[in-house]
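I have placed the structure first, in the form of structure tokens, so that the comments after it can refer back to it.
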Amino acid sequence: MPELPEVETICSCLRDDITGETIKEVWIKKGSRLLRDTVGPRALKKALTGRKIKALFRRGKYIIMDLEGGGALIIHLGMTGAVYLVDKSDKSPEHTHLRFELPGKSLLLVDPRTFGKVVFCKAGEERANVVLSRLAPDPFDESFTKEALLDRLRGRTLPLKAALLDQQLAVSGLGNIYVDECCFRAGIRPTRYAGSLDAEEAGRLHRAIREVLEEAIRCKGTTIRDYRWAENSSGEFLEKLKVYGKEGQQCSCGRTIEKTRVRDRSTHFCPGCQK
DNA sequence: AGTAGGACCTGGTGGC
DNA sequence: TGCCACCAGGTCCTAC
């Protein structure tokens, strides 16, 4: 499940290989659900063919491919999406939705469960994109401070877990796995009301979010089920998880990790370490 | 406006 | 062995 560290890893792996390259040809899966929120396949093909890739970067969990001369392709990988390069001679695997022919290589977007999506923004409309303009600060953005975090959570009556999963509320880029890990590192129960955090706790949470994500990026993400950061490679953060998927196991403090549900999402915490 | 909960989707898994 | 219910969760939609 691609969250911020996985998306960051994908971008940094692909960046050098595709920046400056021209999209020679575009193939789109017939009736692809990933295009449900953007222009039709014919228009998309026309908009991309012959264009040079100017930059590839990330905002929250979104991948943004800037095109030379304006315009951008915004990609969200949902739960099971993957973007990677293959040889030109390689066949597209099952569930390939998009294939760009680049000089010497092919760029694939593969997504079995089609929770992901692709949106094309015309020149000058990139900043106006509805999704991106509403996104909460990126955890590594200067504007993401402990004061801003406290401020955004203040007065909220929803569970902290739900607040951190909301990409528009306090911080963007966190998903189910990293929210649990960040709350554990901060020593705060994810079931608490978001507005109940004091300044000291918000400071701990702020630091935990940056530390956990930095470490996960160094590990090239977490591999659980279908996520791969590139073809035939997997992240190593799985081994560093402290609570996610560890229910019934012993925490280093001696207590047993518990699993509960918050807003219908599996939620893991240590009753000893997290108040 | 804030909050809650269901829908979407399909591969993998475990029970029978 | 085969079948099937169930689970995973990011985001969007609707209801209150």
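No hydrogens, no waters, no symmetry mates; every other heavy atom, side chains included, goes into these values.
- Below 30°, between 30° and 60°, or above 60°: for A:Y62 and A:H76 the angle between ring planes is above 60°, a perpendicular geometry.
- Applying the 3.5 Å distance criterion, the base of B:dG5 shares no donor-acceptor pair with the side chain of A:R265.
- Within the nucleic acid shown, A:D264 has no heavy atom closer than 4.0 Å to any nucleic acid atom.
- Checking B:dC9, C:dG10, B:dG11 against the side-chain heavy atoms of A:H95 singles out B:dG11 as nearest.
- On a pure distance criterion of 3.5 Å, no polar donor-acceptor pair joins the side chain of A:R33 and the base of C:dT11.
- Look at CZ on A:R263: it is 14 Å from C1' on C:dT14, rounded to the nearest Å.
- The NE2-C1' distance, from A:H268 to C:dC7, rounds to 12 Å in whole Å.
- The nearest whole Å value for the distance from the CG atom in A:D111 to the C1' atom in C:dG10 is 11 Å.
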Between A:F269 and A:Y244, does the ring-ring contact (aromatic ring centres under 6.0 Å, His included) criterion hold? Intermediate values first, please. CA-CA 8 Å; A:F269 66 93; A:Y244 183 87; over 10 Å; no
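- When the side-chain nitrogen and oxygen atoms of A:K117 are compared with OP1 and OP2 of C:dG10, none of them lie within a distance under 4.0 Å.
- For A:E3, whose side chain is taken as the heavy atoms from C-beta onward, the closest listed nucleotide among B:dC9, C:dT11, C:dG10 is C:dG10.
- Distance A:M79 CE to C:dA8 C1': 5 Å, rounded to the nearest Å.
- Ranking C:dA8, C:dC12, B:dT3 by closeness to the A:S266 side chain, first place goes to C:dA8.
- Counted within 6.0 Å of NZ on A:K88, heavy atoms from surrounding residues, nucleotides or ligands total more than 12; the atom is thus considered enclosed.
- Each of C:dA8, B:dG2, B:dA4 was ranked by its minimum atom distance to the side chain of A:R156; first place goes to B:dG2.
- Residue A:H76 has its side chain nearest to C:dG10 when only C:dG10, B:dT3, C:dA8 are considered.
- The interatomic distance linking A:H97 (NE2) with B:dT10 (C1') rounds to 11 Å, in whole Å.
- In this structure, the nucleotide among C:dA8, B:dT3, C:dT11 sitting nearest to the side chain of A:R261 is C:dA8.
- Test A:I63, A:I28, A:V118 against A:L109 for side chain to side chain contact (heavy atoms under 4.5 Å, CB included) and you get one pass: A:V118.
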Start with the C-alpha gap between A:R33 and A:T114, add the side-chain angles, then the distance that decides, and say whether side-chain hydrogen bond (donor to acceptor under 3.5 Å, both in side chains) holds. CA-CA 6 Å; A:R33 244 179 60 82; A:T114 66; 3.1 Å; yes
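- Regarding A:Q168, its CD atom lies at a distance of 15 Å from the P atom of C:dG10, rounded to whole Å.
- Distances shown here put a side-chain N or O of A:K259 below 4.0 Å from the OP1 or OP2 atom of C:dA8.
- Side-chain contact between A:V262 and A:L160 is absent, with no heavy atoms from C-beta onward closer than 4.5 Å.
- Heavy-atom distances to DNA chain B give each of A:T114 and A:P159 a nearest nucleotide, and the one nearer the 5′ end belongs to A:P159.
- Of all nucleotides listed (C:dG10, B:dG11, C:dT11), C:dG10 comes nearest to the side chain of A:L165.
- Of the candidates C:dA8, B:dT3, C:dT11, C:dA8 carries the atom nearest the A:R113 side chain, counting heavy atoms from C-beta on.
- In this structure, A:D37 atom CG and C:dC12 atom C1' are separated by 9 Å, rounded to whole Å.
- The separation between A:L135 atom CG and C:dG10 atom P is 14 Å, rounded to whole Å.
- Of the candidates B:dT3, C:dA8, B:dA4, the closest approach to any side-chain atom of A:T157 belongs to B:dT3.
- For A:Q167 and C:dG10, the shortest distance from a side-chain N or O to OP1 or OP2 is not below 4.0 Å.
- Here A:K161 lies out of heavy-atom contact (under 4.0 Å) with every strand.
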